[in-house]
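Below is one structure; the comments refer to it alone.
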Protein chains: 2
Amino acid sequence: MNRQFDQIQMEPAYRKVAAAIGGRILDRTLREGDRLPPETELARQFGVNRSTVREALRELESNGLVMRRAGSKLMSVTRPQHFAIAGAVTRGLVMHDVTFREVWEALTLLEPPIAESAARARTADDLAVITAAAERFASDNAATEKAAHGSAEFFRSVGAATHNQVLMLAQEPLLQLLEPSLRVMIDDVPQARSRIITAQRKVSEALHARDTDGARTWMAKHIRDFRKGFEIAGIDLEHRIRVGES
Amino acid sequence: MNRQFDQIQMEPAYRKVAAAIGGRILDRTLREGDRLPPETELARQFGVNRSTVREALRELESNGLVMRRAGSKLMSVTRPQHFAIAGAVTRGLVMHDVTFREVWEALTLLEPPIAESAARARTADDLAVITAAAERFASDNAATEKAAHGSAEFFRSVGAATHNQVLMLAQEPLLQLLEPSLRVMIDDVPQARSRIITAQRKVSEALHARDTDGARTWMAKHIRDFRKGFEIAGIDLEHRIRVGES
DNA sequence: GATTGCCGGTTTGTCCGACAATCATACGAT
DNA sequence: ATCGTATGATTGTCGGACAAACCGGCAATC
């Protein structure tokens, strides 16, 4: 007799409306690209005020289920973009005081198998994208800003080669969290760039040769290098990651 | 001269307000548990109408950055709950027509290293939770509903033992997507339960002994078993996962 | 023929004012 | 000390309003 009654909770109308529309999107009654009726019409159909509909739309919008296509007024149904979803995850992790160590450890676990899987599933097109990303990093000696981004892009291109959306999406928040610390590291550790270039080349070659073992081990080495770089740069691994306003 | 001008984009006021409040939360000016001022006060401070503030609040709310504590009117700042964040990811993946195969493959890559890491990092408390989850699954021969949930709970408890929030959060969407198919599988494959029980026990024992290899390999076996189960149950691995309205 | 200017109808973004229901709190009665 | 009540604050929802932006079509112009 711990608790006799369940807590009774009222759901405000705006959430019911959001759930109703969201449900239709999830079950594909509303398909991607379909345009939602105007707000006044929705208000009429649901029998609520337009303000209520608008609150519901904001909820759907920030869930990425609907968005306004550029230069159009009507909301249209969209599949949430990977980047946006991962952004929410990233925010969540930041709020939970995630540390560099946790991110690095997750990369250690996740990236080598991803590389291995990519070695199996990659197509010629994937390979082109991957090598292009590696070459861009190698040739672009410009701002560290760009270098950090370029490194993350390499991981993304490898992830894409797995043709597995779940993996790509699992990987994305890690990359978003990695980038800021990478900026500091690349700046403070002179040999970082060349080591990254080497690792990227080795991984690319392994993927080219469909060498699963090579891809996995070089990727593992690549990630281990990051840690060394962090230590050399004097970045405290237990430090909480902050976000630098994007 | 591909494009001379960047697209100029207007940001509506409700999004600016949301960004302003959200920024304060992310940079910890507003801490968890802090209560937001009432809507009228926010409207006054930002110089906008209360309706506009409300739309902004809906956005923050569905991002999990603020919520109303039970039986309170004022919004308070919260860290997004893992389950909620993962829910958004799950929705996103469903919208992207993710297949059973992709989920299973991701589990294959992710779970064994998680088990290995758990074998290293687990505390006595973690172990208690894990074995409790395993025992609950073994003794609870009730509805398949519960069994599927119990299996997912086992993975969660192992994930928690890594003490790595990034891993837990990466794992969560997989479990949410796994559950529905697990329900079907456990129903249709008679030997599924006993095989799951065995695998859970073996993994638990390995974690107990801090046997990293054992934990990894048994977890890998556990996941491979799922695939066999799916095949026996005649579940098409390439089938898109749908969500059964929660 | 293609571009430009203009027009009316829609739709959104934002505002204002309003009210019932709920919550917080203090105060007084038992 | 517990309970009921009054009072004020706050939210959820409503109705109505208006400017700005978008859409489609049509006429005028080069």
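Chain identifiers are assigned alphabetically (A, B, ...) following the order of the sequence lines, protein sequences preceding nucleic acid strands; residue numbering begins at 1 within each chain. This structure is a prediction, so every number in the text was calculated from the model and none was measured.
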Taking only Lys NZ, Arg NE, NH1 and NH2, and the carboxylate oxygens of Asp or Glu, determine whether [X] and [Y] approach each other closer than 4.0 Å.
| X | Y | answer |
| --- | --- | --- |
| A/R101 | A/E105 | yes |
| A/E172 | A/R156 | yes |
| B/E153 | B/R136 | no |

Do B/D126 and B/T123 have side-chain N/O donor and acceptor atoms under 3.5 Å apart? yes

Axis-to-axis angle across the helix from C/dG1-D/dC30 to C/dT30-D/dA1, five pairs each end, nearest 10 degrees, ~ 20°

Quick check: closest heavy atoms across B/N49 and B/A43, and the distance to 0.1 Å? C-CB, 3.9 Å

Between [atom2] on [N] and [atom1] on [X], what's the gap in Å once rounded to a whole number?
| X | N | atom1 | atom2 | result |
| --- | --- | --- | --- | --- |
| B/R44 | C/dC16 | CZ | P | 14 Å |
| A/R15 | D/dG12 | CZ | C1' | 12 Å |
| A/E61 | C/dT12 | CD | P | 12 Å |
| B/Y14 | C/dC15 | OH | P | 13 Å |
| B/L74 | D/dG8 | CG | P | 19 Å |

Residue-phosphate contact under 4.0 Å: B/R68 side-chain N/O, D/dG12 OP1/OP2: yes

Examine C/dG13: is either OP1 or OP2 under 4.0 Å from a nitrogen or oxygen in the side chain of A/R54? Give yes or no. yes

Which pairs, protein N/O on one side and nucleotides 17-21 of chain C N/O on the other, fall under 3.5 Å?
from, atom 1, to, atom 2, distance (Å)
C/dA18, N6, B/R50, NH2, 3.2

Between A/T99 and A/I241, is a side chain to side chain contact (heavy atoms under 4.5 Å, CB included) present by the stated rule, with each step listed? CA-CA 6 Å; A/T99 63; A/I241 293 185; over 6 Å; no

Which residues in residues 31-43 of chain B have a heavy atom closer than 4.0 Å to any atom of DNA chain C? none

